[in-house]
Amino acid sequence: METQTEEQIEERQVRSTGELMAMVEALVFVADEPITVRTLAEILEEDREAVQAAVEALRSEYDDRESGLQLREIAGGWQLATRTELHETVRKFLRTKPSAKLSLAALETLAVIAYKQPVTIPEILDIRGVQSASAIKTLLEKRLIVTKGHKETVGRPMQYGTSKEFLVHFGLKDLSELPSIEDFEDLVQ
Amino acid sequence: METQTEEQIEERQVRSTGELMAMVEALVFVADEPITVRTLAEILEEDREAVQAAVEALRSEYDDRESGLQLREIAGGWQLATRTELHETVRKFLRTKPSAKLSLAALETLAVIAYKQPVTIPEILDIRGVQSASAIKTLLEKRLIVTKGHKETVGRPMQYGTSKEFLVHFGLKDLSELPSIEDFEDLVQ
Amino acid sequence: MHSSMTQQEPEQYSFDFFGETAEIVAESRDELKLKIGQFAGPLDLLLYLIRQEQANIFDIPIARITDEYLIYIRLMKNMDIVVAADFLVMAAQLIEIKTKMLLPREPLTPGEDEVEDPRQELVDRLLEYERYKSAAEMLYERSTVEQAVFTRGPIESDDNNAEVSATVFDLITVFQKILSRQKEEIAMEIEREEISLADMIKTLRKRLLEQTELKLLEFFEEMHSHRELVTAFIAVLEIVRTEGVNVIQKNTFGDIILRKTSA
């Protein structure tokens with residue numbers, strides 16, 4: 001603490017893991033969407049490795065003390081959220097019902113987009129065998145998908161892909177967390 | 001109280017202080033304003049004394065582990081907030097947080113500029129039917145639009161177009177990736 | 001297995017599905033409607049029919065499945081369910097496959113690859129579709145789990161204003177709304193009587209009497225169209241030229257103000 005009057009670099013070195021954890025905790029709490037280790041490192045002017053270690057330590061701390069909250073990795077960032085097991089209590093307080101579910105058509109369309117992105121409407125039609133226009137509209141409105149530019153082919157059709165919202169909505173760290181489409185083969189007869 | 005069935009009492013007694021603390025923590029976290037012990041007791045169907053004890057224990061826990069957050073009593077209720085000492089770090093984050101948000105007027109103006117560029121203020125007025133001066137100022141400040149020289153017409157009005165930041169913000173490689181009205185013809189009525 | 005239908009003529013590709021009576025029995029019309037409405041598309045319906053028949057997907061009894069498929073479509077029409085064109089396209093494909101199956105196969109010459117089964121393409125599509133259907137189920141389950149997790153309530157530092165965080169889709173929808181609004185206004189414009197220069201001068205004169213100082217920009221902002229704006233502009237020039245009105249600008253980028261001279 002005596003060195004604090006010196007340069008910033010020295011001030012940084014003074015931070016213990018505990019202090020870093022506290023700062024990470026405050027920032028993750030304040031952020032209104034998942035916050036990346038990169039952003040945390042920039043704000044705190046620390047190495048990403050140090051921040052990553054603090055995040056991991058903080059996650060363990062939440063787990064170990066059986067907190068009502070969990071620090072979880074989602075959509076490439078970190079977020080504080082309530083623990084799954086407490087959903088009944090939380091829902092009772094918030095008086096919420098599980099939110100409106102996506103239609104079967106929308107879910108199918110979303111599945112095709114998630115696995116085939118970037119993908120055009122005609123390509124989705126090929127796989128689903130049915131027009132998906134209204135499903136696409138719903139998914140765009142719910143921000144689960146985004147446009148991904150035109151495909152350089154006849155008619156330059158628009159391409160679609162999944163959004164960050166998609167990852168958040170389905171609780172995914174990133175797209176690689178999706179099971180491979182071939183894994184669904186076993187389910188077919 | 002004597003009228004309660006045995007099962008109800010037993011069910012309640014099963015909860016440990018730790019479990020109660022976790023529930024309190026989750027509820028305080030999701031609440032949009034300070035939550036009273038009374039409300040907590042009602043939701044959890046517990047005695048106020050037990051809830052009060054859990055709240056106090058939770059507060060000590062946050063303090064003891066020198067968390068970045070604090071459980072504090074405010075306006076007769078309990079709230080989770082960042083620790084006062086960390087306000088500089090938190091403020092720094094809030095300042096640097098990119099503000100991706102636009103008012104409807106700004107969004108409308110941006111849409112007209114994106115699709116009609118280069119475009120002058122009188123032309124935008126013609127299309128939107130309302131003045132866009134303050135929206136233009138906002139968009140220039142957010143660097144989503146740039147000036148594109150004067151139009152060689154009466155009064156030589158300034159022309160506006162979208163910027164590089166616009167492309168980054170909307171995740172576009174170049175302007176040709178901007179969807180055309182035809183692209184969404186089937187989706188948007 | 002095709003012996004029972006060797007006598008048939010190849011089917012015409014017409015969609016006269018109304019001729020026969022429905023064979024599928026349901027408790028009530030509503031229940032049936034529900035049952036039919038739940039298919040996400042023709043492939044979904046086909047998979048259902050194949051499962052109902054407990055048939056092997058690699059050896060689809062195409063004649064029977066086609067018949068049932070057509071019955072379903074006819075039912076949908078009878079129930080006033082809008083039958084998507086895609087269901088009819090599939091019907092045509094099924095009939096085509098059924099027809100091809102009826103044609104005698106050319107005997108294989110040794111060494112020649114086996115002639116492709118007319119059903120092969122359909123089987124491939126069904127298998128691929130079924131994978132995505134399973135993926136959709138996986139997504140459904142994930143979202144159900146995710147609904148048990150809650151993030152924090154709003155805190156002071158959140159922007160609690162009505163602003164939106166925009167995507168490209170917002171841009172295009174907003175732009176489209178503006179265009180249709182513009183169309184409506186043009187239609188109204190035609191009905192509305194055009195304000196003459198004389199009326200505009202009269203309005204401006206009245207305003208100057210009321211306010212003594214009039215911000216030019218504010219006056220222009222009241223105009224509803226480009227044309228009105230031009231008329232207003234000429235009116236200002238006219239009133240400055242002919243009457244005791246000064247144009248004042250207090251600083252370089254300040255408001256331009258019209259003020260009646262006290263003389």
Side-chain angles (χ1 to χ4, degrees), chain A residues 29-30 32-33 69-70 72 79-88 90-91 94 96 98-99 101-112 114-116 125-132 135 137 140-141 143 145-147 163 168-172 178-179 181-185 187-189, chain C residues 37-47 50-51 55-58 84-87 89-90 93 122-123 125-159 165-173:
Chain A
F29 175 76
V30 169
D32 53 6
E33 49 183 37
L69 308 178
Q70 54 175 326
R72 59 179 203 154
Q79 182 190 60
L80 269 177
T82 58
R83 209 165 280 280
T84 324
E85 307 89 84
L86 299 176
H87 72 101
E88 269 177 47
V90 174
R91 202 162 276 151
L94 294 176
T96 57
S99 64
K101 305 229 161 87
L102 290 168
S103 71
L104 191 57
L107 272 172
E108 276 189 21
T109 306
L110 190 56
V112 176
Y115 280 100
K116 287 273 188 181
L125 170 66
D126 264 4
I127 292 175
R128 289 195 60 224
V130 64
Q131 295 292 335
S132 308
K137 194 185 172 214
L140 281 168
E141 280 168 357
R143 292 159 192 268
I145 60 167
V146 287
T147 59
S163 65
V168 173
H169 189 97
F170 294 99
L172 296 161
L178 282 177
I181 191 71
E182 281 75 33
D183 290 345
F184 292 112
E185 200 114 32
L187 302 172
V188 183
Q189 299 229 338
Chain C
Q38 72 191 2
F39 294 108
L43 292 169
D44 199 18
L45 173 55
L46 266 182
L47 279 177
I50 291 166
R51 253 187 236 117
N56 179 354
I57 197 163
F58 295 100
D86 307 293
F87 280 91
V89 171
M90 178 56 72
Q93 282 166 357
L122 181 65
V123 172
R125 281 191 75 188
L126 283 170
L127 290 176
E128 186 178 31
Y129 170 71
E130 180 137 58
R131 277 200 289 276
Y132 286 99
K133 205 170 144 60
S134 306
E137 272 162 34
M138 176 273 298
L139 287 179
Y140 175 79
E141 277 156 26
R142 284 204 83 108
S143 74
T144 309
V145 171
E146 202 51 28
Q147 288 203 345
V149 173
F150 297 83
T151 53
R152 70 158 164 77
I155 55 174
E156 281 167 51
S157 64
D158 294 342
D159 303 328
S165 120
T167 67
V168 170
F169 184 62
D170 296 317
L171 274 186
I172 188 87
T173 20

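So you know, we letter chains A, B, ... as the sequences are listed, proteins then strands, and number each from 1.
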Is the shortest side-chain heavy-atom distance between C:P42 and A:V130 below 4.5 Å? yes
When the 4.5 angstrom heavy-atom criterion is applied to A:L86 and chain C, the contacting part is neither
Across all chains, not counting sequence neighbours, the side-chain contact (heavy atoms from CB on, under 4.5 Å) partners of A:Q79 are A:P34, A:R72, A:I74, A:A81, C:T151
Honestly, the part of A:L69 sitting under 4.5 Å from a heavy atom of chain C is neither
Bottom line for A:E141: the part with an atom under 4.5 Å from chain C's heavy atoms is both
Most heavy-atom pairs under 4.5 Å with chain C, out of A:L178, A:L172, A:V168, belong to A:L172
Whatever's closer than 4.5 Å to a heavy atom in chain C on A:T147 counts as side chain
Sorted by chain and number, sequence neighbours left out, side-chain contact (heavy atoms from CB on, under 4.5 Å) with A:L104 holds for A:E108, C:A40, C:D44
Problem - Donor-acceptor pair, side chain of A:S163 and main chain of A:V146, under 3.5 angstrom - result: no
Turns out that what part of A:L80 lies under 4.5 Å from chain C's heavy atoms comes down to backbone
Q. Okay, side chain of A:R128, backbone of C:Y129: is any donor-acceptor separation there less than 3.5 Å?
A. no
The interface call for A:V112 against chain C, heavy-atom contacts under 4.5 Å, is both
Problem - Whether A:T82 side chain and C:F150 backbone form a donor-acceptor pair below 3.5 Å - result: yes
